[in-house]
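In this chain, residues are counted from 1 in sequence order. Values below: every heavy atom of this structure, side chains too, minus hydrogens, waters and symmetry copies.
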Amino acid sequence: MAKNLIPDLTSPTLDQLRESSFPSFVWDVTRGRISWGNRAALVFFDETSMLDLIERDFTPTDPTVCELTDIASRFMSEPMVETRLAFDGALARQAVACHCFPAPLDDGRAGVTVMIVPSSRTHPRTRFEEIADAAPAPLLLISPEGTILYRNEDARRTLPQCAIDTPFENLFENTRRMAPLLALALSDNSASRTVSLRTKAGFRMHRLTVRKIQDPQRKAPALVVLLRDIADRRAREAEQTNAVTTQASLLAQVSDFQWQLDHAERLTGLSPEFKDISGLAPHTLIGLTFAEMARVMDTTLPPALTQLLSERKSFHDLPFELATPEGVKPYLLSGVPTPAHGMMPRGWLGIARKALDPVETIIEKEVVREVVVPDFAKQEELNRKLTLAEDELKQKSNLLSTVTHELKTPLNAILGFSEIMQTERFGALGDERYVTYAGHIHRSGEYLLDLVRDFLDLNKMEAGRFTPAFERIDLSAILRECVDLLSVEAQRNGLSLTLDLPDTLPALVADPRSVKQIMLNLLSNAVKFTAEGGEITLRAQAAPGGGLTIEVQDTGYGMSTEDIAIALQPFMQAGKRAINGLGITTPTGVKASQVADKNAKGSGLGLPIAKALCEANHADFDLSSEPGVGTHVRITFPVTQVLMD
């Protein structure tokens, strides 16, 4: 009979979960799929066998997949995580209560044991918690001393520093702004401030609304904090301000002054240049119509202006006379009607410019006719060729993207089944050679999958669809992680891999995934093309001009200038050519041709992708090499992306 396993803080074993009536499974975080499940899990997901469950596809952008990745990172501080996750089960997509435990997989990858439990098994939820979790924004409950007492689901997903019983000030970029905010809320029962908060996407501006309440559980005063992300709104406001400023600058270049009318055709705006031209302060004419303004200035208006304004028709270069300190001067008036916008009624916007003399006008028109017309014909031909080239590139990009995506599905199945066979999860295969063959299949599948991912990354960058996710990163931690990942392979090849970092390294604004991939590509190349006994050094330091440099240097086979040009082209491999050109014999007696063949594996995309990712992160990529001496790569980030404490 199936057991009802009561979960606690101790991670259950697979034997305990196998016969449990609670649907339970092990989630492979790296590959984003299920690697094991019990019978109850088969029923929950409506699968007929374990292989069907393992083969089940999950979309990488599925919020539940992202949530499981986040849960795996929280096990350092939380031995067990209680949450609600949404799955596509046998009935429909439904949110269920889950207990999650750390579950390291056989090869050391991160895993999560997920046990779906009845809602009654989790701690009882108060009405405040139910209302808070339904709120469409992050919401916190704070003690008067500044300790987080409760967080809703939105807060937990977006604010990594808001764990319960931690200081509220951990969220603030400027921690000194927290105490006055809480003090004001406690004294006035409410407060509101705009502050910069730490989120998963880096520091972003938020509007904080704080209300003093009575904590329903502690029966003591507490503060409810509603957080609204306004960073995007601020960015749009800045863009709008810049657009208005740019528009005003452009109008100033093509006119002598600008004017604005309201819906009743009264002047509501005159640019400051009007005073320099007429000698009258613009504010003395605000509220007048054009006819009233003409009487004040003792000038005449174009006869058609009144009719055009009443019919709300655009007009261009209507001649009129403007009184100036030097006498009456001819000017040209242009205007367009503006539509109503929100509470702002419709009106008019326009410009005025000094009229040219008739001879100057004729000369100007002749020059334009003779010079510009031939250029239009040439530009049309260039545009046609550009359109054809863009269409060809788009077709190539779509074909490559479709083929690589189609390859990923069977490759995932190959990896999953070969891993099951290699580990003999369902019984012995009968011959050790079968286990060996399964291992070969699995390694070949992983190589092909990495190749497919490289194709996709390169395709995105060539098509201009790759957008780095810039944030504040700990560069030292990323470099240490990359060295740790390559150290085993370096030792296997008899190489010395050294990380040289200063005591303090400034933080960097960059895309963390891109930086990690750049370092892994460069270090992998260095390990691959350095002979036994060689040295590889990875160092980072502040640049003299205030930037930051990362260097990868090896004592490998090196490349000529011609080899470097080949290596930086996609799908081109210069390593084999460079090694054969040396005609060397390694200390173990292996000839150059054998070394070249051994190290020729790869897609030829490592260096091109690293260079493209550097450019996407606004960093300079410089590669120098000499045959028989080694290769040196320097990446320089500008001072604008270096954060000095």
Side-chain angles (χ1 to χ4, degrees), residues 237 239-376 379:
E237 289 174 350
E239 290 175 2
Q240 186 176 8
T241 301
N242 292 336
V244 172
T245 303
T246 303
Q247 182 182 20
S249 300
L250 289 173
L251 290 175
Q253 294 296 321
V254 299
S255 64
D256 291 294
F257 68 88
Q258 301 89 50
W259 53 269
Q260 184 174 357
L261 302 180
D262 63 11
H263 66 287
E265 300 175 10
R266 294 186 296 264
L267 278 169
T268 58
L270 277 172
S271 62
E273 295 84 3
F274 182 81
K275 181 178 181 180
D276 299 331
I277 296 171
S278 66
L280 295 175
H283 71 272
T284 61
L285 302 175
I286 298 300
L288 303 180
T289 64
F290 270 136
E292 293 170 339
M293 178 178 126
R295 286 195 295 270
V296 170
M297 302 184 67
D298 195 19
T299 57
T300 59
L301 290 176
L305 179 60
T306 302
Q307 182 178 353
L308 290 169
L309 291 176
S310 63
E311 295 176 354
R312 292 190 60 78
K313 291 182 178 179
S314 301
F315 53 90
H316 179 66
D317 283 355
L318 284 179
F320 77 105
E321 294 179 339
L322 181 65
T324 70
E326 292 80 21
V328 177
K329 299 288 184 181
Y331 273 78
L332 300 175
L333 201 66
S334 301
V336 293
T338 59
H341 179 69
M343 299 299 292
M344 184 69 67
R346 63 186 187 177
W348 288 83
L349 287 175
I351 62 173
R353 63 186 183 90
K354 186 177 180 181
L356 298 172
D357 292 335
V359 175
E360 293 175 322
T361 304
I362 294 173
I363 294 175
E364 182 186 45
K365 290 182 178 178
E366 287 297 318
V367 171
V368 171
R369 184 182 63 79
E370 293 178 3
V371 176
V372 175
V373 170
D375 285 347
F376 280 144
Q379 184 66 36

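Using the six-membered ring where Trp is involved, Phe257 and Phe274 have ring planes that are perpendicular, over 60° apart on the 30 and 60° scheme.
Screening Leu267, Thr338, Leu349 for a side-chain contact (heavy atoms from CB on, under 4.5 Å) with Gln260, the sole residue that qualifies is Leu349.
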Output a table of donor-acceptor pairs, distance under 3.5 Å, between side-chain atoms of residues 288-295 and any protein atom two or more places apart or on a different chain; print 'none' if there are none.
| from | atom 1 | to | atom 2 | distance (Å) |
| --- | --- | --- | --- | --- |
| Thr289 | OG1 | Glu292 | N | 3.2 |
| Glu292 | OE1 | Thr289 | N | 3.0 |

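Taking every heavy atom of both residues into account, Asp256 and Lys354 meet most closely at OD2-N, 2.6 Å. Closest heavy-atom contact between Ser271 and Pro282: O-CG, 3.9 Å.
Not one N or O on the side chain of Asp262 forms a donor-acceptor pair closer than 3.5 Å with the backbone of Thr268. Not a single donor-acceptor pair under 3.5 Å links the side chain of Ser278 to the backbone N or O of Thr324.
Every pair passing ring pair (Phe, Tyr, Trp, His ring centres under 6.0 Å) that includes a residue from residues 291-326 is listed here, sequence neighbours excluded: Phe315-Trp348.
The closest side-chain heavy-atom distance from Leu322 to Lys329 is not below 4.5 Å.
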**Asked** Between His283 and Leu270, is a side-chain contact (heavy atoms from CB on, under 4.5 Å) present by the stated rule, with each step listed?
**Response** CA-CA 8 Å; His283 71 272; Leu270 277 172; over 6 Å; no
**Message:** With side-chain contact (heavy atoms from CB on, under 4.5 Å) as the criterion, how do Glu273 and Gln258 come out once you've worked through the C-alpha distance, each side chain's angles and the decisive distance to 0.1 Å?
**Reply:** CA-CA 8 Å; Glu273 295 84 3; Gln258 301 89 50; 4.3 Å; yes
**Request:** Could you walk me through whether Leu309 and Leu261 pass the side-chain contact (heavy atoms from CB on, under 4.5 Å) test, one step at a time?
**Result:** CA-CA 10 Å; Leu309 291 176; Leu261 302 180; 4.2 Å; yes
